[in-house]
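Remarks on the structure that follows.
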Amino acid sequence: MVQGTLYIVSAPSGAGKSSLIQALLKTQPLYDTQVSVSHTTRDSRPGENHGEHYFFVSKDEFRRMIEQDEFLEHAEVFGNYYGTSRAAIELVLSTGVDVFLDIDWQGAQQIRAKMPQSRSIFILPPSKEELGRRLRGRGQDADDVIAKRMAQAVAEMTHYAEYDYLIVNDDFDLALSDLKTIIRAERLRLGRQILRHDALISKLLAD
């Protein structure tokens with residue numbers, strides 16, 4: 001069985017990371033590509049299903065998983081825990097499915113240390129002006145909040161060089177094409193192709 005690849009995708013808020021991942025998943029069958037499902041201690045919201053949107057667990061269970069080193073990464077956000085289970089990721093990868101993980105640079109650092117065979121992609125906006133326009137276009141935040149988000153975005157973007165691939169999301173369709181190209185190239189790596197076409201190669205090289 002060809003092992004799937006774990007893709008770590010990071011970007012500042014407003015760069016279009018989540019939209020690109022969702023658009024990608026619509027073009028890929030589930031037996032090829034899935035998005036990672038995280039564990040969380042927060043309560044489920046209407047329409048959210050256990051195992052589909054999150055794995056909902058108690059804080060005691062989450063702390064036990066931390067103590068047992070069961071997470072590739074984890075963080076506490078506004079009083080609730082969020083984490084990526086190593087076992088859950090490895091189970092999907094073992095079936096040959098590629099997994100996409102939408103996460104910040106800090107989580108990416110934790111995961112790369114534990115799964116160095118993963119691939120990482122950073123998404124940049126085409127300019128600060130465009131990033132600000134996108135954040136304001138959401139119509140959800142006051143000017144002071146947007147200013148803080150912009151400052152945070154600049155800090156996040158300084159970590160771009162830690163990643164394997166860099167995509168500038170200026171034209172959405174082109175950025176999506178770039179994302180597909182990365183996946184295609186990774187699937188054509190020699191090691192994966194040898195496993196996938198072992199029988200063919202043996203026949204071609206037979207006397």
Checklist entry - Are Glu130 and Arg133 within salt-bridge range, i.e. N to O under 4.0 Å? => result yes
Checklist entry - Which pairs pass ring pair (Phe, Tyr, Trp, His ring centres under 6.0 Å) with one or both residues in residues 158-186, sequence neighbours excluded? => result Trp105-His159, Phe122-Tyr163
Next on the checklist: Testing Ile123, Leu101, Asp102 one by one against Val9 for a side chain to side chain contact (heavy atoms under 4.5 Å, CB included), which residue passes?
Outcome noted: Ile123
Checklist entry - If you link I, L, V, M, F, W and Y whenever their side-chain heavy atoms are under 4.5 Å apart, who else ends up in the same group as Val2? => result Leu195
Next on the checklist: If the condition is side-chain contact (heavy atoms from CB on, under 4.5 Å), which residues does Lys128 pass it with, not counting sequence neighbours?
Outcome noted: Met150, Val154
Checklist entry - Is it true that Lys114 and Asp69 have a side-chain N and a carboxylate O under 4.0 angstrom from each other? => result yes
Checklist outcome for this item: Sequence neighbours excluded, the answer for side-chain contact (heavy atoms from CB on, under 4.5 Å) partners of His74 is Phe62, Ile66, Phe71
Checklist entry - Taking atom types as modelled and ignoring hydrogens, do the side chains of Arg196 and Gln193 form a donor-acceptor contact shorter than 3.5 angstrom? => result yes
Next on the checklist: Under 4.5 Å between side-chain heavy atoms, counting indirect links through other Ile/Leu/Val/Met/Phe/Trp/Tyr residues: same cluster for Tyr7 and Val99 or not?
Outcome noted: no
Checklist entry - With no hydrogens and no angle check, do the side chains of Thr5 and Arg192 hold a donor and an acceptor under 3.5 Å apart? => result yes
Next on the checklist: The criterion is ring pair (Phe, Tyr, Trp, His ring centres under 6.0 Å); which residues satisfy it with His197, sequence neighbours excluded?
Outcome noted: none
Next on the checklist: Looking at every heavy atom in both Ile167 and Ile121, which two are closest together, and how far apart are they?
Outcome noted: CD1-CG2, 4.0 Å
Next on the checklist: Checking Asn80 against Thr41: is there a side-chain donor and acceptor pair closer than 3.5 Å?
Outcome noted: yes
Checklist entry - Between Phe55 and His50, is the gap from one ring center to the other below 6.0 Å? => result yes
Checklist entry - Are the side chain of Asp171 and the backbone of Leu174 linked by a donor-acceptor contact shorter than 3.5 Å? => result yes
Checklist entry - Do the side chains of Ser38 and Thr40 get nearer than 4.5 Å, heavy atoms only? => result no
Checklist outcome for this item: CG (Leu20) and OG (Ser177) are apart, to the nearest 0.5 Å, by 11.0 Å
Next on the checklist: Is it the case that the side chain of Arg86 and the backbone of Thr84 share a donor-acceptor pair, with hydrogens and angles ignored and the cut-off at 3.5 Å?
Outcome noted: no
Next on the checklist: Here's a test for you: under side chain to side chain contact (heavy atoms under 4.5 Å, CB included), which of Asp32, Thr27, Leu25 qualifies with Pro29?
Outcome noted: Asp32
Next on the checklist: My understanding is that only residues two or more places apart in sequence, or in another chain, count here; which of them pass side-chain contact (heavy atoms from CB on, under 4.5 Å) with Pro116?
Outcome noted: none
